[in-house]
Amino acid sequence: MRWSQYFIPTLRQDPADAEVVSHKLLLRAGLIRQLGAGIYSYLPIAQRVALKVMQILREEMNRVGGQEFYLPALHPAEIWKESGRWEAIGADMFRLRDRKDADMCLGMTHEEIFTSIARNELRSYKQLPQVWYQIQVKFRDEPRPKSGLMRLRTFIMKDAYTFDLDAAGLDKSFADQREAYKRIFTRCGLNFAIVEASSGSMGGSTSNEFVAKTDAGEDLIATCANCGYAANLEKATSRVPTVADDNGLSSPEEFPTPGVRTIEDLTTFPGGATADRQVKSLVYVATIKNEQQPVLALLRGDHQLHETKLADSLGATFVRTAHPEEIRELLGAGAGSLGGVGARVRAKEANFQLYLIADLALRDRRGMTTGANKDDHHLRGVDIERDIQPDTWADLRSVASGENCPRCDQGTLEVYKAMEIGHIFKLGTKYSESMGATVLTQDGKEVPIVMGSYGIGVERIITAAIEQNHDADGIIWPKTIAPFDVVVTVTNIKDEQLRETGEKLYKDLQRAGLDALLDDRDERAGVKFKDADLIGIPYRLTIGKKVADGLVELFERRTKTSEDVKLGEIVSRVQKLALAGL
RNA sequence: CGGGGCGUAGCACAGCCUGGUAGUGCGCUCGGUUUGGGACCGAGAGGUCGGAGGUUCGAAUCCUCUCGCCCCGACCA
């Protein structure tokens, strides 16, 4: 491409709306323009990068036996009603009606559609396994689109689905995808990790999340340097030292605590208790199978609740903290004086079925202090099992940096920020059962197909690549996904000799199979250098005064080092560099 | 959905409080000088001040409504 005619609208100043680095650089380097919140147009440079990413996705999917499809983005509601997700999914789905007033939606993922093909066409175990994938647009009405291409409402996803006869087959398919994902992210030049994560409303047993470490990310990952344990905070556990309790009291004892509202307050209150001897009581309203269920979550006073863990433990699609009025109606006291003792009975009087869920760290604890469900009063000497009898026990606690690794003896956990770039799920038979996708086994039995689903966000890869590869001057693309391999910069286009040298070199590079860009603009050299740095092309060949001596300057974007190379050798040199690993 | 902020030229912003000719820098066009890290001089083009309604002799400016965008929180497959 000739830069003089190519559309690369670079910006000198940072756009006011951009906050994170990748967003600023995507705009400044002329890759994207915004159309609406979470909706962006991809300009030619971005499209080139996206196509390179997609090519890697295709190659690695094909390598593990994937077959590429292209499914509709517009879906009739019926198919989503069959799986139950038309109701299960809330406002995140873009819904619309057609002219006949029929419910439709824009696809946010394609389990239902792929499953509908599978159930109609797959009949026999002999046809399995199948590995199907597509690269296609997805629509999600995110509550808060943000950070450029990080959280979008319309984005490109590579989604793959596997269909197996049994669990063993799924294990193999899952492992294949996992390996493919490792190769994909490695080839894209990303620093990534595989972590345990919540499956959310996807359902299924096991899921692995692929994350790229970056401060711009929204996920928190706990890792152990000693044994390699890694988990999203929504799933991570840790070992915390147990607290030795005294014998406690034969029954809880109420005492007045005027003005005490928080765990902290009670630690300093005369006759109070240290935080690890208190029970934190949080009232939530969970949405379970479209029903509102009040829940009292109990944790150790010095521990933090993780809401995703709570939702997962309850099988809820959504949890929110109860409003102050709801809390008072339910338990007869305000937040700050709440507790599990007698809570179920108190709620019953108000005609509510209160569900009590307690964190595992409260197991076997006695002599605890907690609210009395009476303003300005607490109870001491509470024995959790004896006095509260939770309906269930679950891991509800957020782990923190410095806590002991749950897997190994020596390690401690470190928590860092990351962004999700891919997620793979063992779905099992959730969709095949609800939608009737079955095959006949060798002995003639009809069994539901065992499925897996695997997603990668194309824009997330691009965003992560920039977040992890940039400097003060701009983007530093990994060679594998750079929009061009090399840019030929003619310092003065009005100089006949320089121009002709540049033109020839440009054509030779192309002939050698390289993606080359010729900067033939009538601009000062400085402007061209700045733009080339900003856009982040891995190599720049500067055609300047040294041409008289038969030399061009080879500049490496990443290291900002340059070297003079003989004109006759430069093409093979660049070819070697461009094809070399990252 | 709760809290905060912002919509004025392609971009970044000033002007608004205290109503009276719509400005600055970058970019763009033309001419000239320059030419290896975002040049300089000169001359230009470019704006229904997000939209609607109201107050007023007069509204970018004051009032009401509305649309949009950004950030924090909540949420998130």
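Atoms considered below: every heavy atom in the structure, side chains included; atoms not considered: hydrogens, waters and symmetry mates. Residue numbering restarts at 1 for every chain, and letters A, B, ... go by the order of the sequence lines. Because the structure is a prediction, the values reported are computed rather than measured.
Using a 4.0 Å cut-off between charged nitrogen and carboxylate oxygen, Arg573(A) and Glu563(A) count as a salt-bridge pair.
Using atom P as the reference point in both A45(B) and A22(B), the two lie 15 Å apart (nearest Å). With C1' as the reference atom, G27(B) and A12(B) are 11 Å apart, rounded to whole Å. Straight-line distance between the P atoms of G15(B) and G3(B): roughly 27 Å, to the nearest whole Å. When the P atom is compared between U64(B) and C17(B), the two are found 15 Å apart, to the nearest whole Å. As rounded to the nearest Å, U56(B) and G20(B) have C1' atoms that lie 12 Å from one another. Going from the C1' atom of U8(B) to that of U48(B) covers 12 Å, rounded to whole Å. Look at the C1' atom in both G38(B) and U34(B): the space between them is 15 Å, to the nearest Å. Atom name C1', nucleotides G47(B) and G23(B): the rounded distance is 11 Å, in whole Å.
We find that CZ of Arg153(A) is positioned 9 Å from P of G68(B), with the value rounded to whole Å. The distance between atom CE of Met150(A) and atom C1' of C71(B), rounded to the nearest whole Å, is 15 Å. The nearest whole Å value for the distance from the CG atom in Asp495(A) to the C1' atom in U34(B) is 15 Å. We find that CG of Leu534(A) is positioned 15 Å from P of G27(B), with the value rounded to whole Å. When the P atom of C76(B) is taken as reference, atom CD1 of Ile89(A) falls 13 Å away, rounded to whole Å. Taking atom CG on Asn232(A) and atom C1' on C76(B), their separation rounds to 12 Å, with Å as the unit. Following rounding to the nearest Å, Tyr40(A) (OH) and G68(B) (C1') show an atom-to-atom distance of 13 Å. Atom-to-atom, CG of Leu220(A) to P of C76(B) comes out at 15 Å; the value is rounded to the nearest Å.
Using a 3.5 Å distance cut-off with no hydrogens or angles, the side chains of Arg558(A) and Asn469(A) do pair a donor with an acceptor. Thr115(A) and Glu111(A) are not linked by any side-chain donor-acceptor pair at a separation below 3.5 angstrom, with hydrogens and angles left out of the test. Side-chain contact annotation: Glu459(A) with Tyr42(A), donor-acceptor N/O pair under 3.5 Å present. With hydrogens and angles left out, the side-chain atoms of Lys158(A) and Tyr181(A) include a donor and acceptor closer than 3.5 Å.
For residues 5-13 of chain A, proximity to RNA chain B is found at Arg12(A), Gln13(A), defined as any non-hydrogen atom under 4.0 angstrom from a strand atom.
Counting heavy atoms of neighbouring residues, nucleotides and ligands inside a 6.0 Å radius, atom CD of Glu291(A) does not exceed 12 of them. Atom NZ of Lys81(A) sits in a crowded spot, with more than 12 heavy atoms from other residues, nucleotides or ligands closer than 6.0 Å.
The pairing partner recorded for G68(B) is C6(B), the criterion being a Watson-Crick or G-U wobble arrangement whose two distances lie under 3.5 angstrom. Pair assignment for C49(B): none, as no Watson-Crick or G-U wobble contacts are both less than 3.5 Å. Figure legend. G37(B) is base-paired to no nucleotide; pairs are counted as Watson-Crick or G-U wobble with both atom distances under 3.5 Å. Applying the Watson-Crick and G-U wobble criteria (two distances, each under 3.5 Å), G58(B) pairs with nothing in any strand. For G44(B), the paired nucleotide is C28(B), the pair qualifying as Watson-Crick or G-U wobble because both relevant distances are below 3.5 Å. Using N1 to N3 plus N6-O4 or O6-N4 for Watson-Crick, or N1-O2 and O6-N3 for G-U wobble, each under 3.5 Å, C13(B) pairs with G23(B). For G73(B), the paired nucleotide is C1(B), the pair qualifying as Watson-Crick or G-U wobble because both relevant distances are below 3.5 Å.
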Given Lys426(A) and Asp171(A), is the salt bridge (charged side-chain N to carboxylate O under 4.0 Å, His left out) satisfied, shown in steps? CA-CA 8 Å; Lys426(A) 284 187 184 175; Asp171(A) 288 345; 2.7 Å; yes
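Among the protein residues, Thr321(A) comes within range of no part of the nucleic acid, since none of its heavy atoms lies under 4.0 Å from any strand. If you check every strand for non-hydrogen atoms under 4.0 Å, Lys146(A) touches sugar and phosphate atoms only.
A donor-acceptor contact under 3.5 Å links the side chain of Arg540(A) to the base of G37(B). Applying the 3.5 Å distance criterion, the base of G37(B) shares no donor-acceptor pair with the side chain of Asp473(A).
Proximity note for Glu523(A) (side chain, C-beta onward) versus G36(B), C28(B), C70(B): the nearest is C28(B). Distances were taken from every side-chain heavy atom of Arg524(A) (C-beta onward) to each of C28(B), U35(B), G38(B); the shortest belongs to U35(B). If you check C71(B), G37(B), U35(B) against the side chain of Phe529(A), the one that comes closest is G37(B). Taking the side chain of Ser147(A) as heavy atoms from C-beta on, and the options U34(B), G37(B), C71(B), the nearest nucleotide is C71(B).
For G36(B), neither phosphate oxygen OP1 nor OP2 lies less than 4.0 angstrom from any side-chain nitrogen or oxygen of Lys528(A). Between Arg144(A) and C72(B) there is a side-chain N or O to OP1 or OP2 distance below 4.0 Å.
A donor-acceptor contact shorter than 3.5 Å links the side chain of Tyr506(A) to the backbone of Met1(A).
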